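Here the structure comes first, spelled out in structure tokens, and everything after it is commentary.
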Number of protein chains: 2
Amino acid sequence: MAQQPMYQQIADDLRSQIDSGDLVPDQQLPTELELRKTYDASRNTVRDAIKRLTSLGLVETRPGQGTFVTRKIDPFVTVLTQDAATGYGGGEGATYRSQVEEDRRTPFASQIKVEAKSAPPEIATRLGIGEDDQVVLRHQERYIDKVPWSMQTSFFPMEFVTSRQAPDLLIAKDIEEGTVRYLEKAMGIKQTSYRDWITARAPDENEQNFFGIPHDGSVFEIFRTAYDQTGTPMRVTVTVFPADRNQFIVNVGQPPDL
Amino acid sequence: MAQQPMYQQIADDLRSQIDSGDLVPDQQLPTELELRKTYDASRNTVRDAIKRLTSLGLVETRPGQGTFVTRKIDPFVTVLTQDAATGYGGGEGATYRSQVEEDRRTPFASQIKVEAKSAPPEIATRLGIGEDDQVVLRHQERYIDKVPWSMQTSFFPMEFVTSRQAPDLLIAKDIEEGTVRYLEKAMGIKQTSYRDWITARAPDENEQNFFGIPHDGSVFEIFRTAYDQTGTPMRVTVTVFPADRNQFIVNVGQPPDL
DNA sequence: GCAAATTTGTTCGTATGTATT
DNA sequence: CAATACATACGAACAAATTTG
């Protein structure tokens, strides 16, 4: 009878109500019991329809409360090729704040957590060290306008610390000037190039909780390997961005401003 | 009783069987009826578990046949900053073939479909023309080793054709030399820079069918706006890549080869 | 080529648990 | 504590797609 399954028809109908502005952001949808009557369908069917909408990020269900139209988050755009000339990259700790404030939005970053451990395989390969070699790990969560925006973890060779040249890497405090500048001043290691490797995948449980995204949502994961003036990897930074609120720009040549 | 819901436990158990190699790619999972007995759960609960695995891209269900472990697709990596010096970009028609063949894989591209129509708002803005202005649209589907890999649509101002300078844009045939070179030869318009705008979103129905990805999968959508030597937009190219088989690299400075 | 068997897809009804108000 | 709303789980029936005999 139905060309399309009923749950899909219900989902489409609810979606058109959202798109048309009939249902506005933050507004509560009818409860499952009410929708059951409206569409003359079972509760399970209604729930299947709502599941479709949640995986599209259009609605959000809260146990004990109801289902609500999500307010569209104004996406933040990170320029990955920022300041190519100076060697400082887009989305870094040092440039993150200014990129956000340029947009008249309010950045906030969590306390930095520092850890020392054996290099995970993916990191060891990129840093050109062995898997048994130790690395310093600096982790930080970032917010924009109080909304969780990204999780970043940087890995440095432990040798930077054991050589006593860059001891501050192990201190769990924001290095005001940025680690890139700090390493240049302390060790004479200058970041002259980097390579970003961009993937998208489903979020793990931790990321689902922190960002508040559904299990079938999607995150960007960007591995940045930075090299010094000798072409030696000096740092690997892994940043996870929920796809519903992050976009990226890559400039090649000198395109005119937007 | 259950810290974790039962469908999640079942999903986790099946996942560990896949990760451990107990279930190998292309192998059929036990049928829903068999799993129902194995885990002493109802068929619906088993189905919920399988749904989790499909949205992770670990398994694929085929009506009338069964559920199968997906063979992991070897991802293709597109360098977005290819040949920055010459102004030719990564992932373009002209460079797509060579990038793929460098990888010892076999590229294939569908016939090009050409259309003329009013500029969609997103395109008109980027091309710096009005929404009522006409554009030429060149669409192509791309495969690697016979697997659908990307869908690309390029938009050019209709003026390029009406001025009689670049009539071949309207011909539904591959422009061997690449449109970038063609426009340079025919019109003296040289592509000197471009800007890529990278997003990720859920696939539409057409994309689900073409790429064979689930409704809650994820695709990259990259808008490339290319500019000529005067800083005027000459082209907008929109490419859609399924996230399960595509990754991207951005080079800033001159990082050493991989 | 067709009918039967198998397997997943959709839909219903019902019951109970958990979170919030 | 009670009422409300979503989450999980069971069982059942029929439909649709595919394979098998």
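Chain letters run A, B, ... following the sequence lines, proteins first and then strands; every chain starts at 1. Bear in mind the structure is a predicted one, so any value in this text is a computation, not a measurement.
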What is the distance, to the nearest angstrom, from the [atom1] atom on [X] to the [atom2] atom on [N]?
X: A:F68; N: D:dA5; atom1: CZ; atom2: C1'; result: 10 Å
X: A:E60; N: D:dA5; atom1: CD; atom2: C1'; result: 15 Å
X: A:D40; N: C:dC12; atom1: CG; atom2: P; result: 8 Å
X: A:Q4; N: C:dT10; atom1: CD; atom2: C1'; result: 13 Å
X: B:N44; N: C:dT14; atom1: CG; atom2: P; result: 16 Å
X: B:K37; N: D:dC10; atom1: NZ; atom2: C1'; result: 17 Å
X: B:E34; N: C:dT6; atom1: CD; atom2: P; result: 11 Å
X: A:M6; N: D:dA13; atom1: CE; atom2: P; result: 19 Å

Return yes when atom CZ of A:R71 has more than 12 non-hydrogen atoms of other residues, nucleotides or ligands closer than 6.0 Å, and no otherwise.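 No - once you tally the heavy atoms of other residues, nucleotides and ligands closer than 6.0 Å, there are 12 at most.
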With a 6.0 Å cut-off (strictly less than), is the heavy-atom count around CZ of A:R201, excluding the residue itself, greater than 12?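 Above 12, so yes.
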Would you mind telling me which of [options] lies closest to the side-chain atoms of [X]?
X: B:R47; options: D:dA7, C:dT10, C:dT14; result: C:dT10
X: A:E32; options: C:dG13, D:dC10, D:dA7; result: D:dA7
X: A:Q65; options: C:dT10, D:dA9, C:dT21; result: C:dT21

Quick one: do B:Q140 and B:R138 satisfy side chain to side chain donor-acceptor pair (under 3.5 Å)? Show the steps, please. CA-CA 7 Å; B:Q140 193 175 46; B:R138 295 174 64 87; over 6 Å; no
Side-chain N,O ([X]) to OP1/OP2 ([N]) below 4.0 Å:
X: A:T45; N: C:dC12; answer: yes
X: B:Y7; N: D:dT8; answer: yes
X: A:T61; N: D:dA7; answer: yes

Can you measure from CD1 (B:I249) to CZ (A:F223) and round to the nearest 0.5 angstrom?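 Interatomic distance, B:I249 CD1 to A:F223 CZ, rounded to 0.5 Å: 12.0 Å.
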Return the OH to CG distance between A:Y7 and A:D12, rounded to the nearest 0.5 Å.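 One finds 10.5 Å between OH of A:Y7 and CG of A:D12.
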Check A:F211, A:W149, A:F210 against A:Y143 for a ring pair (Phe, Tyr, Trp, His ring centres under 6.0 Å) and give me the one that passes.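 Only match with A:Y143 under ring pair (Phe, Tyr, Trp, His ring centres under 6.0 Å): A:F210.
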Pairs under 3.5 Å (N/O, protein and nucleotides 2-4 of chain D):
none

For a quick check, tell me whether the side chain of A:R43 and the base of D:dA5 share a donor-acceptor pair closer than 3.5 Å.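 Per atom types, no contact qualifies.
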5' precedence on DNA chain C between A:R62 and A:Q8 (nearest-nucleotide basis):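 Nearest-nucleotide comparison on DNA chain C picks A:Q8.
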Do B:D216 and B:K51 meet the salt-bridge criterion of a basic N to acidic O distance under 4.0 Å?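 Result for this pair is no, no salt bridge flagged.
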